Every structure is written in C-alpha cells, then in structure tokens.
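First up is the structure itself, then whatever we jot down about it.
Predicted, not measured: the structure shown is a model, and the values here were computed from it. Both counts, for ligands and for their atoms, begin at 1 and track the order of listing.
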Amino acid sequence: MRQRATRDQQRLDSGAVTSPKDLENLQKEIVSLAKRQGDLEDVVLEVMERREATQERVAELTGRVGAVQGKIDDATARRDAAFEEIDGETATVTKEREVVAGAVPADLLKLYDKLREQQGGIGAAKLYARTCQGCRQELAITELSEIRAAAPDTVVRCENCRRILVRTAESGL
Ligand SMILES: [Zn+2]
C-alpha cells in the first residue's frame with residue numbers, strides 16, 4: 001500500500017499525468033491510501049498495546065502461582081514435620097503404656113480395655129472433688145461412703161458411667 005502511494009506520488013510529480021480528471025483521481029487515491037495506512041497503523045499499535053498488557057498479566061499470574069506454590073510447599077513441609085513428631089510421640093507413649101500395662105494385673109487390664117472400648121477411649125477417670133472426671137457426674141453420698149471405706153487396692157467404679165475411678169488426695173473423700 002505504501003509502495004502504491006509512492007508510485008502514485010511519483011506519477012503525480014513526474015508531470016506525466018496531464019488530464020485534470022486523472023490528476024484529481026490520483027490525488028484522491030493518494031489521500032485515501034494515506035488514510036488507510038493511518039488506520040492500519042492504529043490497529044497495529046492497539047494490537048501491540050494489548051500484547052504488552054497480556055504479557056504483563058501473564059507475568060503477574062505466574063508470580064502469583066509461584067507464591068501459592070511456595071505456600072503449598074511450606075504447608076506440606078510443616079505437615080510432614082508434624083506427622084513425624086506425632087509418630088515419635090506415638091512410639092514413646094506406646095512404649096510407656098507397655099511398661100505400665102506390664103505392672104497391672106491381667107484381669108484389671110482386661111476390664112480397663114473393655115471399658116475403654118465402650119467409653120470412647122477412656123476406661124479410667126480421676127475422682128476429683130467427688131466428681132467422676134469421665135462423665136462429669138458428682139457421686140452420690142452413699143457411693144462416696146463406699147469408696148471411702150474401700151481398701152486402697154480395691155478397684156472402684158463410677159456408678160454412672162462404670163469407668164474405673166482413680167482416687168487421689170483431691171478426690172474429696
Ligand atoms: Zn462416671
């Protein structure tokens with residue numbers, strides 16, 4: 001298009017075109033070609049601007065993806081560390097339980113395991129201030145008297161939840 005405009009301009013400048021009608025047509029065409037070129041340049045400019053904006057957006061999104069991935073990596077590492085810690089604690093507690101269980105009479109251990117299974121994982125509870133810490137119920141006066149009278153090695157149980165009650169100095173007996 002630019003070549004055509006140049007050619008038209010050369011023809012006009014050469015003086016080869018003498019007819020006023022042809023001259024007028026040639027000038028019109030030159031003006032029209034210049035306008036079209038201007039329009040096309042605007043389109044090219046707009047496309048370039050849009051490409052630039054798109055590239056900026058891609059860079060921004062890539063950065064955000066990187067940041068989110070960093071957070072995921074961080075959380076994963078913390079989770080793995082927590083798992084490792086829990087595994088370690090589980091191993092320690094399991095070993096401790098084995099030692100304690102070894103010192104408990106077999107029938108008492110059997111009762112404890114049965115209660116633990118029935119009572120959501122807690123087979124024995126502390127008797128604190130006349131209250132069973134397993135079911136949070138305060139024991140009746142008669143039951144407290146019985147417990148008070150029981151020998152220290154007698155296994156006493158909560159009349160409400162049936163858990164084994166552990167007596168301490170704070171039991172309120
Ligand atoms: Zn209870």
Report all side-chain donor-acceptor pairs from residues 130-143 shorter than 3.5 Å, counting only partners two or more places apart or in another chain.
residue	atom	partner	partner atom	Å
T131	OG1	A129	O	3.2
Q133	OE1	R136	NH1	3.0
E143	OE2	E159	N	2.8

Between Q69 and D73, do the side chains contain an N or O donor and an N or O acceptor separated by less than 3.5 Å? yes
Going by the rule side-chain contact (heavy atoms from CB on, under 4.5 Å), which residues pair with Q27 if we only count those two or more places apart in sequence or in a different chain? L12
Go through it in stages, so that I can follow the logic: the residues are Q37 and L40, the test is side chain to side chain contact (heavy atoms under 4.5 Å, CB included), and I'd like the CA-CA distance, side-chain angles, deciding distance and then a yes or no. CA-CA 5 Å; Q37 190 177 335; L40 281 174; 5.8 Å; no
What lies under 2.8 Å from the Zn ion (ligand 1), restricted to protein N/O/S atoms, is C132 SG, C135 SG, C158 SG, C161 SG
So K95 and V99, side chain to side chain contact (heavy atoms under 4.5 Å, CB included) or not? Walk me through it. CA-CA 6 Å; K95 230 175 256 174; V99 172; 5.8 Å; no
Compile the donor-acceptor pairs under 3.5 Å between side chains in residues 47-58 and protein atoms, sequence neighbours left out, one pair per line.
residue	atom	partner	partner atom	Å
T54	OG1	R50	O	2.7
R57	NH1	E60	OE1	3.4

